Every structure is written in structure tokens, then in C-alpha cells.
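Take a look at the structure below.
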Amino acid sequence: MSAAAENGAPGEVAAPEPSYDARAVEARRQRDWRERDAFATPPPDPDRPDAYVKAVCPFTSGHIHVGHVRSYTIADAYARWRRMSGDAVLFSIGFDAFGLPAELAAIANKESPADWVQRSYEHMLRQFERMGFSFDWERVFVSSDEEQYRWSQWLFLAFLDAGLLYQEEATVDWCDSCQTTLASLQVEDGRCWRCNGPARLIKRKQWFLRISAYLEQNERGIEDHAGKWDRPALTAQRAILGRVDGVEIDLHGADGALTCFTEHPDAIGQARFVLVSPRHPELERLLGDRPGVLAELEEVRQGGWQRGDRSAESVPAIDSGVRLTAPNGAELPLVISPAVDGRYGPTAVLGIPAADESDGVIARRLDLPRPEPTAPTSNGKAPRPAVRYRAGDFAISRQRSWGAPIPIVHCDDCGEVPVRKEDLPVRLPRDLKPTGEGNPLAAREDFMATTCPRCGADARRETDTLDCHFDDLWMWLPTCVPKADRDRQMFDHPECERWLPGAMLIHGADGGGYFFDQRITAKALRDIGPLAHLTDGEQFTGAVMHEMVTQDGRKMSKHLGNVVDPDDLMERVGADTTRLAVLHGARPSRALNWTENAVQYCAKFLSDLWAYAAERLPGPDPHEAAAAPDPDGAPQRRERLEGWVATAAAKVTEDLERVEMQRAVKNAMRLFDRIEEFETKSRRANRGDLA
RNA sequence: GCCCGGGUAGCCGAAUUGGUCCAGGCAGCGCGCUUAAAACGCGUGACCCCUCGGGGUGUGCGGGUUCGAAUCCCGUCCCGGGCACCA
């Protein structure tokens, strides 16, 4: 297309380009969208149903990858289809900007994480626009913005009021010479990534989120959405919940009873020991005065074993010396092992080698005696049905400077005092420049100095920040609220009621864990008050969790050197070919194995389609043109063509509704084949008539 | 180790709820067009047997349920992903 035509005045009819020039076509369309603000969230309209389509919130890594391209292409196709169906669509995006990688990048670049994040997301937004995604750019948010993280802090305080937060000791890696906590990523072979000094585990008091309070409700939500969420989404939610059905019985020992679970009710009589989590709340009571065992327990709780493998052969297992009496009179040794946590949560279970292989391994390793059943005990009650969930509470506080400060103040007289909600946000200094040494927040007097919300005396701020997983807990909500209102109203904004529950969540399969915790957050917010209208506590009626993008059977990663660069694709074949290729390549529920082959195939399809349309349609925009000229085909062929068109439209519509984008693409391609075939046959028939 | 997926032609994959396995694409091969090549178009396209009409075997492997299994069940092998202060 010539520059003159490209810049032609409105209304001027441009000649169709003879060949498909993706760059020119896309530039023209994207400029038009921008000028018309085509994807702005529409105001409420009683005649148009509202549909909120939620895509994943990417981390501000600085560059989009093919996984993003797949996810947003699926979501974008769905959002566009809903718009074309007449719905008022909310489709935007937010960035997950707090977290360790931003901090590490800032250290490497000797700049503030805030600057790095801003540069990163601005570049990613340009890439998204170049890809042609139909986001409402006005509603974009960044989790590290003050108007955003103030609400993470608000949520912390609301959870605290609701009894959903508690403090508990946990272990973290610590480097003595850098005087800082180390993430797992920063520990290499037990040494600090920065100074190569030894890393050691220390205890820290951490805030934990009590998701266990909502597990049963989450389970009900999963079952209620069978048929509404796609299969991968459902199975992922079930897997994360980790429900195990079985029975529980009470065993008795010198220091009281212990309720034990087993998923093998038929094999209770063959139990040879009791396996108990190091985190079991009643463990100290049962152990009584056994200094040696308590010391060993302490070591296990320090958690060093987690760095190694988790097989039954190597997982720690301590024979406590305590004996508990089973209903059949057998004396069962009490074994402490974290092996139970990963399967049943922090509970106690029967060890039954006859029914469970790893139980057999542990019995052999500890050389446990085979207990002899005696007469059934009189106090043995019958086993009762019971359920355990693997999902459990998790720590949400981090000893890092690039995060939302935890809104707690330390007062000499009052102790730990929550900041008042009306005093939020607790501002994170934007000009922090972490070095990897010490705690940058603790060194900032302008941040640390404050007064006690309770007594007004001088006080110090908490230096721990919220883990970015905490920011994620409510990332499904901010785009519901117009940007201009976000600094004063969020969870109880009227538009939350307009858009929630959302029509569709489209996310990578790796996001199942987030979705699980987010669903618990929705239920908590319903109970706390602002989202009371979500009666079942579920924020999305539809959910699709697509699989990842692979190459050569492996997940794409820099480490494996098998990444595909979206910028390169946009340069070479254009955004539309790239988008068509990711939709066409595999259905969402399957891994997409990337091949250049598929890209070339899609490029050819678009090129053929363009050439076909250019020959027949007057303008560069096919949908603005009149219907194709009536070919002189026989009436019965024309009828068949009409049948194909109707069938294709019905099928594609159904496919789009079910987010089966691969099928939609294939049905559209098939229709094009049919139309070409129709014309070929018509031409042949006409030649025959003339002859 | 535990949890979740997957294994269909030389390659990518259709067949999603049990109903004619392998649509479509790519590579290959043949033909057409061409001085030639590329591009393009048409055809062919699992394996074995064959009297050339067809017959048989084929969805990692072994069993099972069923009138009927890629699909459901049991076992087994292989591959991938997830279980952390990475997001």
C-alpha cells in the first residue's frame, strides 16, 4: 500500500492491495482502534448484557513471551466475539509488579525497582498493542502503584479483622555477611548467591493466611461449576484442594488420645505405626518430656531436608518412642515425618505398609517392630468417615523491600498495632535502591518513623512486606473499577457488582493455584461485606485454563534455549499470522507444540484470503464491502454454498462460545475452502455451458 | 516421592459425551506448468497379504468390561508439567 493511500483522507476509497502486507494492514487497523478508542469499557446499558473477560496478569518481566501470546490471543478472541455478539465487555489487564525478579533486576542495574518496573510494563504494553489485543487501555493497573497496593494493605487489615491471619514461626534462609534473607533462588548449594557465604536457616515470625477456613466452600464451588469451567480448570482446582476420603479413629497413649486418619479403612488392622506431621498442633503434648526427640523434631522443622529430594527413602522420619494403642490392642510407634504433609496436610495418619508403599519404606528404614494385636480395647470407638485436604495455610510475609509494606506498627507500649484503614496507604519509598545487602527499608528513617495508631507515641514501622502472592489474591477485581476512582474506592465500588461474577476467566494451567486462593479471597470478601452479592463466593461463572507452549516436547525456557521471540514473529509474519498460528496449533486444553511449519501455513492462509478478497471486493476492508457478486452457478450449488455458510457460522459460534478456538479457526478455514471450491466448480460449469 | 497431564502415520495433529481410527496440514513421492529451478496446480500418501476384486493388522505395552474401546476399568513402560520466599 502506498504512503498516500495509507494517509488518505477519511472517506477516500483506497484501492485494495494486491498482496497481503501484514505490517500495513495491522498498522492501519491498530491506528483506527486507537483513534476510536474502540475497546473502552462501555457504560451500563439495560439492553446490553455485561460480560467481564479476565486474562492473566503478567509479571512485569519486560518482554512478553509466546505463552503470553497464546493466553491473550485466546482471551482476546473470546472478548471480541462477546463484543460482536452485542455484549458490553470489560477486557483489560493488570501487571503483577512486586516480587523478587524486579528487585534482582534493580540490583543488577543499580536503579530502583520502581523505575525498572515502569520501563518493563510500558514496553510490554507496546508489545500488546502491536499484537492487536483489544484491552481497555484506560483500566490497566500495576500492582506496585500506590492506588493499587493500598488495597492490598486494606485487604490485609480486613483479613486480620476477620481472623483469617495469624502469626507463626517459620524458617527462612539467611546470609550472615549480607545480613539478609535469601530466597530459594538465591541459595546455590547452600551458599549465598551474592557473597558465596554459607546460607543458614533461621526462624522468623511470619503472617499466615488461614485458607483452611474456606476449603469446604471451595470444594462446593468446584462441584457447582462442573460443566461451566473447562475440564483442566476443574481438575486443577480439585488437585490443589487435594481431598482425600477415609476414616479417622482415636488412638490412646500415656499422654492422651490422638485422632488418626487413613484412606485405607479396610486395612486398619494392619497398621504398624502412626505417622504424624511435624506441624501437628498436639505433637508437643504427645511427646512429653523427651529432649532428644524434641531436638530432632526441631531439626526437621528447620526444614533443611526440603532442599533435597522428597522420596520415602530420604524424607526425615523420627521414631519418637511414644506408643499408641490401636483399637485391636496393638501398640503402634509414633513416627514424626513431614512425609504426611504433602499428602494429607498437617495431620496424623496410620502407617500401613500392606496398603501403602511409602509406609513400607518408612517401616523398613526405622526397623519398626511388628506390633502384635491383643484383645480389642474397650475404649476403641468405631472408625468414622473423615476427609483431609492437602491444601493448607501459607506464609504471606516477606523480608524484602520491593513489596507492599505490611500495615503494622511496632509500639514499645502497645506492641504490634495495625495501621488504621483510613491512614492507608503505608507508602513504599519509590526511590529505594536495593543492593542485596541488609534491609533497605529499615535504613530509611523517613519510612520507619511513625506514631502508634493506638497511643500516639513514637513507633517503628514493620519492615516485612506482603508477598506478591498476596497482591494476586484480588487481581481479578481492579479492572472492574474505573481508574479515576481507585484511590478512594475499590472492593465496594458499584461497578464490582456490575461486572462480578465475571463471564470468563482465561488463564494458563499454571495459574490454578492462584485461582484457588483467589476463590477463597472472593468468599472472604463476601463474608467481610463488600462483595456480599456474590452469594456463592465465586467470582467467575466460566473458566478456561489452557496448557502451555512447548517446543520439541519441552516447556519453552531461556535455560533450554528453545524460546520463540514474539517480536521476531511480529516482524517476520505479523501479529495476525502469529495469533492465527497459536489458535490453530492446538486446542486450549492441550500443550501447543510450536512449529515454524504451522506459522507458514497460517501465513499462507491469510495471504490467500487477502488475495481472494482483493480480487472481489472494492475496498481494503472486506466487511465494509457489499456482498460478493453472484456467480453464475447452478441454483443447487448456490444452495449448497448457503448451507455451508450457515453451518460454518453455527459451528464457529458454538466453538467461540466454548472457547474452542482451534475448532473455530479450522471451521473458518474449511468454509474458505468450500467457497473456493464452489467458485471453481461454477467456473467449470459455465465453461461447459458455453462449449 | 506425591499430584496432574500426555503417548494416534516420517512429523504436527482430527476423532472432546464409547459408534466406520487417522480429517486437515507438513515432509516425501509422482504428474502438470517450466529451458531449468522456485512458486503454483493436480494426484499419492500406515503396515502386511493379494488371484488387483479385495482381505487382514494397526491409537506405547499386557489384560479386562462391551454388540462395539484412541475413548471406560486394572496393571505396566515411556515422556512432560507441578509440588519452594520464581511468577
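All values derive from a computational prediction rather than experimental measurement. Letters go in sequence order (proteins before strands), and every chain restarts at 1.
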Where A:Arg400 and A:Thr181 come nearest, the two heavy atoms and their spacing
NH2-O, 3.6 Å
Side chain of A:Arg587, heavy atoms from C-beta onward: which of B:C4, B:A84, B:U16 has the nearest atom to it?
B:U16
Checking all strands, does A:Gln206 fall into the base, sugar-phosphate, or nothing category for heavy-atom contacts under 4.0 angstrom?
base
In whole angstroms, the gap separating C1' of B:A84 from CZ of A:Phe394 amounts to 14 Å
Of the candidate nucleotides B:U16, B:C4, B:C86, which contains the atom at the shortest distance from the side chain of A:Pro101?
B:C86
What nucleic acid atoms does A:Thr181 come within less than 4.0 Å of, heavy atoms only: base, sugar-phosphate, or nothing?
base
Under 4.0 Å between a side-chain N or O of A:Arg231 and OP1 or OP2 of B:C4?
no
Using a cut-off of less than 4.0 Å, is there contact between a side-chain N or O of A:Arg365 and OP1 or OP2 of B:G1?
no
Return the 5'-most residue of the pair A:Asp655, A:Met548 with respect to RNA chain B, ranking by each residue's nearest nucleotide.
A:Asp655
Hey, can you tell me if A:Tyr514 and A:His469 have their rings parallel, tilted or perpendicular (30° and 60° cut-offs)?
parallel
Please check: side-chain N/O of A:Asp230 versus main-chain N/O of A:Ala233, any donor-acceptor pairing under 3.5 Å?
yes
Could you list by number each residue of residues 595-606 of chain A showing a heavy-atom separation from RNA chain B of less than 4.0 Å, or answer none if no residue does?
A:Asn597, A:Tyr601, A:Lys604
Pair A:Ser152-A:Trp474, side-chain donor/acceptor within less than 3.5 Å
yes
Quick check: are there more than 12 heavy atoms from other residues, nucleotides or ligands sitting under 6.0 Å from CZ of A:Arg231?
no
Is the backbone of A:Ser212 close enough, under 3.5 Å, to the side chain of A:Asp393 for a donor and an acceptor to pair up by distance?
yes
May I ask which nucleotide in the shown strands pairs with B:C11, Watson-Crick or G-U wobble, both distances under 3.5 Å?
B:G25
If the P atom of B:C26 is compared with that of B:U20, how far apart are they to the nearest Å?
27 Å
Can you name the nearest heavy-atom pair linking A:Lys54 to A:Leu505, along with the distance?
CG-CD1, 3.4 Å
Could you tell me how far apart A:Asp517 (CG) and B:A87 (C1') are, to the nearest whole angstrom?
14 Å
Please figure out whether A:Arg670 or A:Leu592 has its closest RNA chain B nucleotide nearer the 5' end.
A:Leu592
Distance check needed: B:A15 P versus A:Asn667 CG, whole Å only.
11 Å
Rounded to whole angstrom, note down the C1' distance from B:C11 over to B:C4.
27 Å
Grab the CE-P distance between A:Met545 and B:U16 for me, whole Å please.
24 Å
Considering only heavy side-chain atoms of A:Tyr514, the closest of B:C86, B:G81, B:A87 is B:A87
Nearest whole Å is fine: how far is B:G24 P from A:Gln662 CD?
15 Å
Distance, C1' atom - from B:U8 to B:C47, rounded to whole angstrom
14 Å
Describe the nucleic acid contact of A:Arg238 in one word from base, sugar-phosphate, nothing, applying a heavy-atom distance below 4.0 Å.
nothing
B:A23 and B:U16: how far apart are their P atoms, nearest whole angstrom?
15 Å
Per salt bridge (charged side-chain N to carboxylate O under 4.0 Å, His left out), A:Arg243 is matched among A:Glu223, A:Glu219, A:Glu263 by A:Glu219
In whole angstrom, give the distance that lies between atom CD1 of A:Ile240 and atom C1' of B:G5.
14 Å
Pick base, sugar-phosphate or nothing for A:His469, based on heavy-atom distances below 4.0 Å to the nucleic acid.
base
Whole Å only: how far is the CD atom of A:Gln551 from the C1' atom of B:G80?
15 Å
Between C1' of B:A87 and CG of A:Asp471, the distance in whole Å:
12 Å
Does the structure show a Watson-Crick or G-U wobble partner for B:C83, both distances under 3.5 Å? Name it, or say none.
B:G1
When the P atoms of B:U71 and B:A87 are considered, how many whole Å apart are they?
41 Å
Which atoms form the tightest heavy-atom contact between A:Gln237 and A:Gly512, and what is the distance?
NE2-O, 3.0 Å
Write down the distance separating the P atoms in B:G18 and B:G13, rounded off to the nearest Å.
24 Å
Both distances below 3.5 Å, Watson-Crick or wobble geometry, any strand: find the nucleotide opposite B:C40.
B:G32
